[in-house]
Amino acid sequence: MSVTKFPRLTTKIRLAVLLALICFVLALQLSGLTRIRQRLGLSYEFPSSLGPAYPPIERRLGEGVILKNVSHLPRIQFDFSQIKESRLEREDRERRRKSVKDGFIHAWNGYKKCAWGHDEIRPVSCQPNDPFAGWGATLVDSLDTLFIMGLKDQFDEAVEHLKKVDFTKADDPISLFETVIRYLGGLLSAYELSGEPLLLQKAIYLAEALTPAFSTPSGIPFNRWHMNKGYENIWSTRYAILAEAGTLQLEFMKLAEITGNSTYFHLVQKIIDTLDRAEKRIPGLYPLSIDTETGTFTSETISFGALGDSFYEYLLKQHLYVGGALDQYRRMYNESVNGMIQYLVKEGHYAGKRELLFLGQLSYEQYIRKMEHLTCFVPGMVAMGAKILNRPSDLEIAEGLAESCYWAYNSTMSGIGPEDFRFDIAGQPETMPPEANGVYKLRPETIESLFILYRITGDKIYQDKGWAIWQAIQKHCKTEWAYSGLRNVMVEDTVQNDNMESFFLAETLKYLYLLFSPPNVISLDTYVLNTEAHPLLRLYHTQPHAA
């Protein structure tokens with residue numbers, strides 16, 4: 001029996017093998033070290049998986065936070081150059097866009113006449129209303145809408161008014177959440193769009209006045225905050241709401257980027273870390289209340305509607321903003337959407353109508369068959385996640401939920417969707433009689449999702465649906481001075497409630513205007529919009545596809 005003898009390895013080959021082994025071991029050690037540094041908060045770097053066409057870039061969120069792998073994420077928007085818009089189609093789209101702009105101008109002029117400098121206008125009685133410290137919430141919330149619509153004179157007049165507004169003083173306690181999304185977000189967005197330095201100066205003053213609210217053991221801030229006295233000493237002080245704590249990140253991260261002060265980033269990143277670590281009964285689904293001292297959840301209710309909604313929205317949008325440089329946001333979003341699809345999305349119907357997809361809630365492990373207007377931001381969020389995170393099956397879910405949100409409008413006597421309604425699950429006994437809360441607060445969420453789905457798919461059906469909603473708003477909500485919410489959309493003879501929140505101009509009309517604008521106007525590949533629809537430049541942004 002002969003034995004085959006292999007030739008001895010040459011010195012060069014042995015050295016090459018040894019070098020390869022050393023490199024492999026070092027790579028493993030460095031990988032482990034990176035994970036350890038991330039856990040200790042010493043590094044916020046994440047490797048990019050993109051090819052050479054869009055190499056990752058370095059960006060800073062202040063001097064202390066260096067993101068070395070900010071990546072060009074997959075495009076969100078449809079390539080509209082594939083669609084040729086005819087002259088008649090363009091004229092019809094521009095006619096619709098002008099109608100929305102005219103509606104905005106009507107409401108803005110009414111605000112100037114009846115409530116200039118105040119937070120809101122009472123659109124029926126032509127009286128001012130000041131629920132947000134009296135700093136002019138409608139004025140600040142509308143700044144970027146004014147700029148986007150090309151209303152330069154009105155924009156300049158609003159900026160001039162802000163010279164005398166002191167954002168560091170308020171007679172009554174404020175909501176940290178509402179102040180950040182409306183005021184801070186509005187100021188920062190308008191600053192980036194216009195370059196007006198006064199707006200950044202005001203934003204910094206406001207942020208500095210708010211930062212003491214974050215001084216809790218867990219980092220979860222006090223939401224009720226008195227600018228002069230500290231936190232409001234009421235029974236609910238210790239217990240924070242999920243959406244209120246989890247919807248501050250984009251604004252403070254943007255401020256860290258612009259100012260070079262990383263303190264702003266660390267304030268809001270600590271919130272995310274606390275929520276991430278907190279024990280959850282179902283992975284990815286976060287209860288609505290959390291203890292500011294211990295960082296533990298104090299309720300068993302889970303909802304993508306009121307009190308929870310924008311937290312989930314910001315997980316994806318933080319991932320967008322930093323170009324995937326921090327993997328934590330992607331992971332948390334994926335876990336949340338997986339949980340939502342498994343436990344909260346159900347096939348069903350309302351009042352015996354055709355089968356649709358609905359989004360319910362959980363309370364103490366019991367499924368609640370209630371869908372809120374507030375949850376209608378979810379189709380847009382899930383559609384963007386489908387594009388960015390390679391979750392193609394999610395787009396079908398997004399389209400199904402969007403159909404239900406639009407159906408809620410299309411099924412009422414007024415053509416406007418209710419605040420919430422109870423639905424029936426397929427195969428289970430029907431609710432008799434059907435239940436709905438017919439209040440309408442001029443909310444934007446359904447229009448927001450129609451806008452995003454149009455920009456993602458290029459399907460003009462979403463423009464037609466948005467136009468139908470706008471016509472119903474014009475018919476039932478328009479007043480002599482502005483636009484009013486409604487007491488009951490379930491009846492044809494609606495009654496106005498004399499209330500117009502600032503988000504009607506900041507969100508509802510902005511989304512409608514963008515729905516009928518050329519797709520390169522506030523491209524989703526260039527901007528990330530905060531929960532009040534204020535566009536903020538992404539750290540790695542690109543020009544949109546050609547229109």
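As the structure is a computational prediction, the values presented were derived from the model and not from experiment.
- Remark: the T301 side chain and the S299 side chain contain no N/O donor-acceptor pair separated by less than 3.5 Å.
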Between Q361 and E372, does the side chain to side chain donor-acceptor pair (under 3.5 Å) criterion hold? Intermediate values first, please.
CA-CA 10 Å; Q361 305 171 6; E372 302 176 30; 2.6 Å; yes
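- In terms of modelled atom types and a separation under 3.5 Å, the side chain of Q77 and the main chain of L524 share a donor-acceptor contact.
- Side-chain atoms of L389 and H319, non-hydrogen and from C-beta on, do get closer than 4.5 Å to each other.
- When atom types are taken as modelled, the side chain of N437 and the backbone of E419 share no donor-acceptor pair closer than 3.5 angstrom.
- With respect to D273 and K270, no salt bridge is recorded, no charged nitrogen being found less than 4.0 Å from a carboxylate O.
- Contact detail for S502 and D141: the closest heavy-atom pair is OG-OD2, 2.6 Å.
- Taking the six-membered ring where the residue is Trp, Y286 and Y312 present perpendicular rings, their angle passing 60° and hence far from 30°.
- Evaluation of the ring-ring contact (aromatic ring centres under 6.0 Å, His included) rule for F503 yields no partner, not counting sequence neighbours.
- At distances below 3.5 Å, not a single donor-acceptor pair connects side-chain atoms of S404 with backbone N or O atoms of L356.
- Distance check: F304 CZ to L401 CG gives 10.5 Å after rounding to the nearest 0.5 Å.
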Please step through side chain to side chain contact (heavy atoms under 4.5 Å, CB included) for the pair L143 and Y191, ending with a clear verdict.
CA-CA 9 Å; L143 286 172; Y191 166 72; over 6 Å; no
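- M227 and T168 make their closest contact through CB-O, 3.6 Å (heavy atoms, listed as atom of the first residue, atom of the second, distance).
- Residues Y409 and H373 place their aromatic rings such that the two centres sit under 6.0 Å apart.
- Heavy atoms from other residues, nucleotides or ligands lying under 6.0 Å from CD of Q201 number more than 12.
- Side-chain contact check for W135 versus L206: some heavy-atom pair is nearer than 4.5 Å.
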Begin from the C-alpha positions of E445 and D309 and carry the test side chain to side chain contact (heavy atoms under 4.5 Å, CB included) through to its verdict.
CA-CA 11 Å; E445 289 80 17; D309 47 5; 5.6 Å; no
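- Put simply, the side chain of N261 never gets that close to the backbone of G62: no donor and acceptor are under 3.5 Å apart.
- Between Y540 and H72, the ring planes are perpendicular. Angles over 60° get that label, and only those under 30° would be called parallel.
- Considering all non-hydrogen atoms of both residues, E192 and P535 come closest at OE1-O, 4.5 Å.
- Using a 4.5 Å cut-off on side-chain heavy atoms (C-beta onward), D394 and I341 make contact.
- A donor-acceptor pair under 3.5 Å is absent between the side-chain atoms of K346 and the main chain of F423, judged by distance alone.
- If you check the side chains of Y264 and E208, you find a donor sitting under 3.5 Å from an acceptor.
- A donor-acceptor distance shorter than 3.5 angstrom exists from the side chain of D119 to the backbone of G134, with no hydrogens or angles considered.
- A donor-acceptor pair under 3.5 Å is formed between the side chain of S449 and the backbone N or O of C376.
- Between Y111 and F504, the ring center distance fails the sub-6.0 Å criterion.
- Between the CG atom of L139 and the CZ atom of R182 there is a distance of 14.0 Å, given to the nearest 0.5 Å.
- The shortest distance between side-chain heavy atoms of L61 and Q269 does not fall below 4.5 Å.
- Note: I271 CD1 to E244 CD = 11.5 Å, rounded to the nearest 0.5 Å.
- The two residues K254 and L536 have their closest heavy-atom pair at CE-CB, 3.9 Å.
- Contact annotation: the side chain of L162 approaches that of F167 to within less than 4.5 Å [non-hydrogen atoms, C-beta and beyond].
- A ring-centre distance under 6.0 Å is found for F147 and F155.
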Determine whether I388 and R330 satisfy the following criterion, side chain to side chain contact (heavy atoms under 4.5 Å, CB included), listing intermediate values before the conclusion.
CA-CA 10 Å; I388 300 163; R330 179 202 61 82; over 6 Å; no
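- For the atom pair L307 CG and L288 CG, the distance stands at 5.5 Å (nearest 0.5 Å).
- Taking 4.5 Å as the limit, every side-chain heavy atom of E507 sits out of range of all side-chain heavy atoms of L529.
- Atoms CD1 and CD1, from I302 and I282 in turn, are 5.0 Å apart once rounded to the nearest 0.5 Å.
- Of all heavy-atom pairs between L248 and F177, the closest is CD2-CA, 4.0 Å.
- Checking side-chain atoms of K280 against main-chain N and O of D276 turns up a donor-acceptor pair under 3.5 Å.
- Going from atom OG1 of T247 over to atom CD of E532 covers 11.0 Å, rounded to the nearest 0.5 Å.
- In this structure E399 satisfies the salt bridge (Lys or Arg N to Asp or Glu O under 4.0 Å) test with no other residue, sequence neighbours excluded.
- Annotation for E396: atom CD does not count as buried by contact number, only 12 or fewer foreign heavy atoms lying within 6.0 Å.
- At most 12 heavy atoms of other shown residues, nucleotides or ligands fall within 6.0 angstrom of atom CD in E279.
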For side chain to side chain contact (heavy atoms under 4.5 Å, CB included), just list the numbers for F222 and T216, CA-CA rounded to whole Å, side-chain angles, deciding distance to a tenth of an Å, and then say yes or no.
CA-CA 8 Å; F222 300 111; T216 66; 3.5 Å; yes
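- Between R281 and E300 there is a salt bridge, since a side-chain N of the basic residue sits under 4.0 Å from a carboxylate O of the acidic one.
- Within the 4.5 Å cutoff, the side chain of M253 has heavy atoms near those of the V322 side chain.
- Taking 4.5 Å as the limit, every side-chain heavy atom of F377 sits out of range of all side-chain heavy atoms of T531.
- Look at E196 and K202 and you find no salt bridge, because none of the NZ, NE, NH1 or NH2 atoms lies under 4.0 Å from a carboxylate O.
- Judged by distance alone, with hydrogens and angles left aside, the side-chain atoms of T292 form no donor-acceptor pair with the main-chain N or O of P221 at under 3.5 Å.
- Defined by atom type and a distance below 3.5 Å, a donor-acceptor pair is missing between the side-chain atoms of Y183 and E251.
- Pairing each heavy atom of G186 with each of H534, the nearest pair is N-CD2, 3.3 Å.
- Side-chain atoms of K387 do not come within 3.5 Å of backbone N or O of P74 as any donor-acceptor pair.
- Under the side-chain hydrogen bond (donor to acceptor under 3.5 Å, both in side chains) rule, Y321 has a single partner from R538, Q249, H541, E257, which is E257.
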